[in-house]
Student: 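Pasting in a structure now, in structure tokens, and then I'll have a few things to ask.
So you know, we letter chains A, B, ... as the sequences are listed, proteins then strands, and number each from 1.
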Protein chains: 2
Amino acid sequence: MQENRFQRNSRQREIILEELRKLHSHPTAATLYKLVSKRIPRISLGTVYRNLDLLSRKGIIHKLEVGGSATRFDGDISKHYHICCTECGRIDDALDFSDKIINVDISDFNGYAVKGYHINFYGICSDCRESH
Amino acid sequence: MQENRFQRNSRQREIILEELRKLHSHPTAATLYKLVSKRIPRISLGTVYRNLDLLSRKGIIHKLEVGGSATRFDGDISKHYHICCTECGRIDDALDFSDKIINVDISDFNGYAVKGYHINFYGICSDCRESH
DNA sequence: GTCCCTGCAAACTCTTTGCATAAAA
DNA sequence: TTTTATGCAAAGAGTTTGCAGGGAC
């Protein structure tokens, strides 16, 4: 992250990004805070929020547009969808099959300049299916 | 709402539903609370939340699965999508064109029993386009 | 040395909940 | 009369922010 996208580089931001990229579990800020705390014990939750917000506004990570009380973050910004378990709240990656999904012209709709769309699948994950 | 779906019928619930159904603006609980307050001045925000939750769990209204800090509600449960303005947060209805959208088999995915999906479009609404 | 970023804590927004009372049935 | 639903207020969860001090450059 030796990029010029920030006014300063900080160890905190570097490690937050590093830890987020290790995961495929789309953690909340609180989860990430716990992980990062192991490496920077005195880091504050506020710093985690500030950096996650900054990173997502720079397009380096994604805030997921899924329901649920807490915002979830994704270090993988390649195009892909998500599938959420309605039982346990777990979120997994789903492949990008947008070419097979969207084949109507949505460029101008209801007066909107349409920029894109979010798709989230939902269902019951294998773990929850077993425990039923 | 003379239905047997509830243990009791209440004037509060009736009016909350009535006001929600008047709107196409997908209001938050707080917005709806202000409207309903005009008709029932002593109603509490807690009652609005409780009834919106109840109504959505009975399938009479929908909680929208869109991003944003506050949950939004929709009194129209016919199948349709939504489009959100990234500038002002406004949410409009979008037609249901699911038959043209999803044409891959998603019934079993990644071990999930897939139940469905949510699609939200986003872009810039006509009002915001003008003011740029 | 400058000024951005941090840690800390307080504040803020949205939502839920416990309790006594009011109102359906 | 019985029991659910309400109003009120407090509490809870998630997130943001003001400020003084520390660290990047």
Student: Assign a letter to each nucleotide of nucleotides 20-25 of chain D from its 5' end: B, base within under 4.0 Å of a protein heavy atom; S, sugar-phosphate only; -, no contact.
Tutor: ---BBS
Student: Check ring-ring contact (aromatic ring centres under 6.0 Å, His included) between His80(A) and all other residues, then give those that pass, not counting sequence neighbours.
Tutor: His82(A)
Student: Counting only non-hydrogen atoms, which of residues 62-77 of chain B are less than 4.0 Å from DNA chain C?
Tutor: Ser69(B), Ala70(B), Thr71(B)
Student: side-chain contact (heavy atoms from CB on, under 4.5 Å) with Asp127(A): which residues, sequence neighbours excluded?
Tutor: Arg90(A), Cys125(A)
Student: With Ser126(A), which residues qualify under side-chain contact (heavy atoms from CB on, under 4.5 Å), at least two apart?
Tutor: none
Student: Could you check how far CG of Leu52(A) sits from P of dC5(C), rounded to whole Å?
Tutor: 15 Å
Student: Roughly how many Å is it from CD1 in Ile15(A) to P in dT6(C), rounded to a whole number?
Tutor: 12 Å
Student: So if I take the C1' atoms of five pairs at each end of the helix from dG1(C)-dC25(D) to dA25(C)-dT1(D) and get each local axis, what angle do the two axes make, rounded to 10 degrees?
Tutor: 30°
Student: Using only atom types and a distance under 3.5 Å, with no angle test, would you say the side chain of Arg13(B) pairs donor to acceptor with the backbone of Thr47(B)?
Tutor: no
Student: Quick one: list whatever passes side-chain contact (heavy atoms from CB on, under 4.5 Å) with Lys34(B), sequence neighbours left out.
Tutor: none
Student: Applying side-chain contact (heavy atoms from CB on, under 4.5 Å), can you list everything that pairs with Lys38(A), at least two apart in sequence or on another chain?
Tutor: Leu35(A)
Student: Measure the shortest side-chain to side-chain distance between Ile119(A) and Tyr117(A) over non-hydrogen atoms and say whether it is less than 4.5 angstrom.
Tutor: yes
Student: Going by the ring-ring contact (aromatic ring centres under 6.0 Å, His included) test, which pairs reach into residues 45-77 of chain A, not counting sequence neighbours?
Tutor: none
Student: Under a 3.5 Å cutoff, is there a donor and acceptor pairing between the side chains of Asn120(B) and Tyr81(B)?
Tutor: no
Student: Please list, by residue number, the residues of residues 32-51 of chain A whose heavy atoms come closer than 4.0 Å to an atom of DNA chain C; answer none if no residue qualifies.
Tutor: Arg42(A), Ile43(A), Ser44(A), Thr47(A), Arg50(A), Asn51(A)
Student: What is the distance, to the nearest angstrom, from the CG atom on Leu54(A) to the C1' atom on dT6(C)?
Tutor: 13 Å
Student: So Phe121(A) and His118(B), do their side chains get closer than 4.5 Å, heavy atoms only?
Tutor: no
Student: Can you tell me how far C1' of dC5(C) sits from CG of Leu17(A), to the nearest Å?
Tutor: 17 Å
Student: Can you sort out the partners of Ser25(B) under side-chain hydrogen bond (donor to acceptor under 3.5 Å, both in side chains), two or more places apart, ordered by chain and number?
Tutor: none
Student: Does a side-chain heavy-atom distance below 4.5 Å link Arg21(A) with Ile61(A)?
Tutor: no
Student: To the nearest Å, how far apart are Asp53(A) CG and dC4(C) P?
Tutor: 17 Å
Student: Which ILVMFWY residues can you reach from Val66(B) by hopping between side chains whose heavy atoms are under 4.5 Å apart?
Tutor: Leu64(B), Ile91(B)
